[in-house]
Amino acid sequence: MMSFTKKIGLLSLIVLIFCDSSNVNAQRMSREEVNDTIKSMPSFSSYHDNYLISGIPTNKSANKMNSDIKYQISFKQLISRATLPLNSYLFVSYTQKAFWNIYDKSSPFEEINFNPAVGVGTPIFDKSNRIIALAELQLEHESNGRDSLASRSWNRVSGMFHTPLGRRTMLSAKAWVPFAYTENHPDLLDFVGLAEVKVQQTFFRDLLIGEVTVRKGLKDWKGSVGTKVYYKLFNNSGNQYLMLEWFAGYAESLIDYDKYTSMVRIGYVIKSTDLNILRTK
C-alpha cells in the first residue's frame with residue numbers, strides 16, 4: 001500500500017503541475033537573449049538553495065536529542081561560457097548539507113554530507129528559437145567524510161532536465177546511474193532510487209513559492225517526499241525568504257539513509273536563481 005506521505009506528495013505534484021496551465025504559451029527568452037545572459041552572468045553564483053533552518057520531528061516526541069539545525073551551502077563556478085559543442089557550458093559545483101544537534105549537550109554535528117560535482121549545461125530551444133528547457137549532465141560524488149563502518153559514499157552520473165510548465169510553474173527531473181557505492185551500503189538504492197521529480201509553483205509575484213520533491217526507492221514505497229514553502233518577508237529582500245520545510249521518508253542524510261524520518265523545520269533561505277533563465281517575461 002502507498003504510504004500517506006507518498007499520497008500527499010503525489011497529490012501535491014499533480015496540483016502544482018496543473019494549477020498554472022493557462023500560461024503555458026507565455027513569452028520566453030530568445031536564443032540571443034539567453035546567450036547574452038550566459039555571457040553576462042557572474043562566474044561564481046549559488047547553485048542550490050543556501051539555508052539555515054531548525055525544527056523538530058513529527059513522528060515522535062520532540063526533545064533536545066532529536067531536534068536540530070539543518071543548513072546547506074551550495075555554489076557553482078562557471079568554467080566556460082557556451083564555448084563547447086551544442087552551445088553548452090562547463091561548470092563545477094559544491095554542496096554541503098549539515099545536521100547540527102545544537103540543543104544537545106556540547107552541540108555535536110550529527111552528520112555532514114559533501115557533494116562536489118563537475119558538469120555541463122545547455123539551453124534547449126524550440127523552432128522559434130525560444131528557450132524551452134535547460135539540461136545538465138554531471139559527474140557527482142557524495143560522502144559523509146567518515147571512515148570504517150560509519151563511512152557513507154557513492155558516485156553517480158546524473159542528468160537533469162528543467163522546463164517551465166507555465167508562467168509560474170517549473171518542473172525539474174533528475175535521474176542518475178550510480179557506481180562505486182556498495183561497500184558499506186549495498187542497499188542504498190532501495191531508499192534513494194534512481195530518479196526524483198520536483199515541481200515548483202510561484203504565487204503572488206514571488207511573495208509565496210511552493211515546492212514538492214518526490215523520490216521513490218527501488219524497494220516497495222521507500223523513498224521520500226520533501227515539501228517547502230517560501231515566503232518573502234519584504235518586497236525589497238531579493239531572493240531571501242522565510243522557508244518552512246517538511247521532509248518525510250528516507251535518506252535525508254547519508255548516515256541514516258535506511259531510517260524513516262519526518263522533520264518539520266523553519267528558517268532563513270537565500271533562494272537559488274539558477275533557473276531564472278527559464279522564466280517567462
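Note that the structure is a prediction, hence the values are computed from the model and not measured.
- Contacts classified as salt bridge (charged side-chain N to carboxylate O under 4.0 Å, His left out) and involving residues 35-47 (residues at least two apart or in different chains) are not found.
- Judged as a salt bridge (charged side-chain N to carboxylate O under 4.0 Å, His left out), the pairs with a partner in residues 72-83 (not counting sequence neighbours) are, in order, Lys76-Asp274.
- The hydrophobic cluster of Ile56 has no other members, since no ILVMFWY side-chain heavy atom comes under 4.5 Å of it.
- Tyr94 is linked by a ring pair (Phe, Tyr, Trp, His ring centres under 6.0 Å) to Phe75, counting only residues two or more places apart in sequence or in another chain.
- We find the CE-CG distance between Met29 and Asn276 to be 10.0 Å, quoted to the nearest 0.5 Å.
- Residues forming a side chain to side chain donor-acceptor pair (under 3.5 Å) with Tyr89 (at least two apart in sequence, or on another chain): none.
- Every pair tested for ring pair (Phe, Tyr, Trp, His ring centres under 6.0 Å) that includes a residue from residues 112-131 fails, sequence neighbours excluded, so the list is empty.
- Contacts classified as salt bridge (charged side-chain N to carboxylate O under 4.0 Å, His left out) and involving residues 40-53 (residues at least two apart or in different chains) are not found.
- Screening residues 132-152 for ring pair (Phe, Tyr, Trp, His ring centres under 6.0 Å) gives no qualifying pairs among residues at least two apart or on separate chains.
- Shown here are the salt bridge (charged side-chain N to carboxylate O under 4.0 Å, His left out) partners of Asp220, two or more places apart in sequence or in another chain: there are none.
- Sequence neighbours left out, the pairs with a member in residues 104-129 that pass salt bridge (charged side-chain N to carboxylate O under 4.0 Å, His left out) are Glu111-Arg146.
- Leu90 belongs to a hydrophobic cluster with Ile79, Leu84, Val92, Val118, Val120, Leu137, Leu139, Val157, Phe179, counting contacts under 4.5 Å between side-chain heavy atoms of Ile, Leu, Val, Met, Phe, Trp and Tyr, direct or through other members.
- Judged as a side chain to side chain donor-acceptor pair (under 3.5 Å), and not counting sequence neighbours, Ser67 has no contacts.
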